[in-house]
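Only one structure is covered here, and it is reproduced in the block below.
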Number of protein chains: 2
Amino acid sequence: MNTETTRTQIMQHAQRLVQERGYNGFSYRDLATLIGIKTSSIHYYFPQKEDLLLAIVQQYHARWLAAIQAIDTGLSADVKLRAYVDMHRQAFCNTERICLAAALAADLASLPADIRKMLQGFYGANEDWLAQVLEQGVREGSLDMPGDVRIAARSMFAALQGSLATARLFNDSERMNDLLQAALSRQ
Amino acid sequence: MNTETTRTQIMQHAQRLVQERGYNGFSYRDLATLIGIKTSSIHYYFPQKEDLLLAIVQQYHARWLAAIQAIDTGLSADVKLRAYVDMHRQAFCNTERICLAAALAADLASLPADIRKMLQGFYGANEDWLAQVLEQGVREGSLDMPGDVRIAARSMFAALQGSLATARLFNDSERMNDLLQAALSRQ
DNA sequence: GTCTATACATTGATAGAC
DNA sequence: GTCTATCAATGTATAGAC
């Protein structure tokens, strides 16, 4: 079973390049050279660069949501939070890449409108999940949330996204351990 | 007194475009059209695009540091923190732009090495200042910091940078009010 | 499906007139 | 200082052979 189809390879490399260089920081030529094909072959699968971007973002969103939903709903809030933060930490330590959504959000004005909508969906889904867990933590008494859990969830997700960028900037995986303190210091 | 020299205009528009579209999301032609000159005139001031980027980052860094240092050192830690967070909030509400350093950090792999060094300097300077203020807060008893203030400072700055990106993504200035809660909830 | 060939616009950059 | 003119390289994209 070979999952290394051309289409798969294109998407893998394209996702990585967006995360490393931004949407405007790579070309079909870069992709073609990396894979060892011609640019016209990429156009066969993704006629326009926006088609490629759309496919990447959809796949990323679906996989990330699946990973979140794989966190056992029966767990306590603080364990869920640790698992969630660990997802970010491991994603970074394995790839040294920031979040795809954060990479695209930086170049926002240069992206098509439908991508912006998808990014909002990605951010919103994460914030919703986090808010739900924080609320559970308050109910369970394991988390001390002074204000609105919705706002706390926003701040927490922003801190996670920002920490990934900083960890890469300093090429310092150790910084990803700060994430735990950042997210869980209110316990 | 006319500060709207060509050089100034170039730098202003270029900084804005980096913050909106990323370093690879605009061209000398874009700049020339915006200002009403020819691309060769831009090359007169900034022979290479990297020269332009360097000048912008240096100016941004200097101005931001000056703004931080303008915060009265005699103030209490929590007032200093509020002033610092308010700098971010107002910067966003006036311009709807994210931090220049955060915009560049996203496209990191496509930037020259000396720019990476400057970004590290910018992040480090902010984290240092924050850590110092947090330590003051602990001494004064106005802040309850469970762990290392250095780590807390990193998380706080990451949260600020991330919140700016989210506020822009959702075109929601209200989110910048979350910053206060995010940064000061440990009071 | 992948290629060759090609089109056509854009990009960063330079030389030299004014 | 700003312009015209020009450049080679790169960018996205298409047509059609195999």
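We name chains A, B, ... by the order of the sequence lines, and we start the count at 1 in each one.
Taking the ring centre of Tyr23(B) as origin, the terminal cationic atom of Lys49(B) falls inside the region bounded by 6.0 Å and 45° from the ring axis.
Spacing between atom CG of Leu53(A) and atom P of dT12(D) amounts to 12 Å, rounded to whole angstrom units. To the nearest angstrom, P of dG11(D) lies 12 Å from CG of Leu17(A).
One finds the CG atom of Leu81(A) at 6.5 Å from the CG atom of Leu130(A) (value rounded to the nearest 0.5 Å).
Between His88(A) and Phe92(A), the distance separating the two ring centers is not shorter than 6.0 angstrom. Aromatic pair Phe46(A)/Tyr28(A): ring centres not closer than 6.0 Å.
Between the side chains of Asn24(A) and Ser110(A), at least one donor N or O sits under 3.5 Å from an acceptor N or O. When only modelled atom types and interatomic distance are considered, Asn177(B) and Glu174(B) share a side-chain donor-acceptor pair under 3.5 Å. Judged purely by distance below 3.5 Å, without hydrogens or angles, the side chains of Thr8(B) and Thr5(B) pair a donor atom with an acceptor atom. No side-chain donor-acceptor contact under 3.5 Å links Tyr45(B) and Asp51(B).
Scanning DNA chain C 5' to 3' for nucleotides with an atom closer than 4.0 angstrom to a non-hydrogen atom of chain A gives a first and last hit of dG1(C) to dT4(C).
Annotation: proximity of residues 36-51 of chain A to DNA chain C (heavy atom, distance under 4.0 Å) is found for Ile37(A), Lys38(A), Ser40(A), Ser41(A), Tyr44(A), Tyr45(A), numbered in ascending order.
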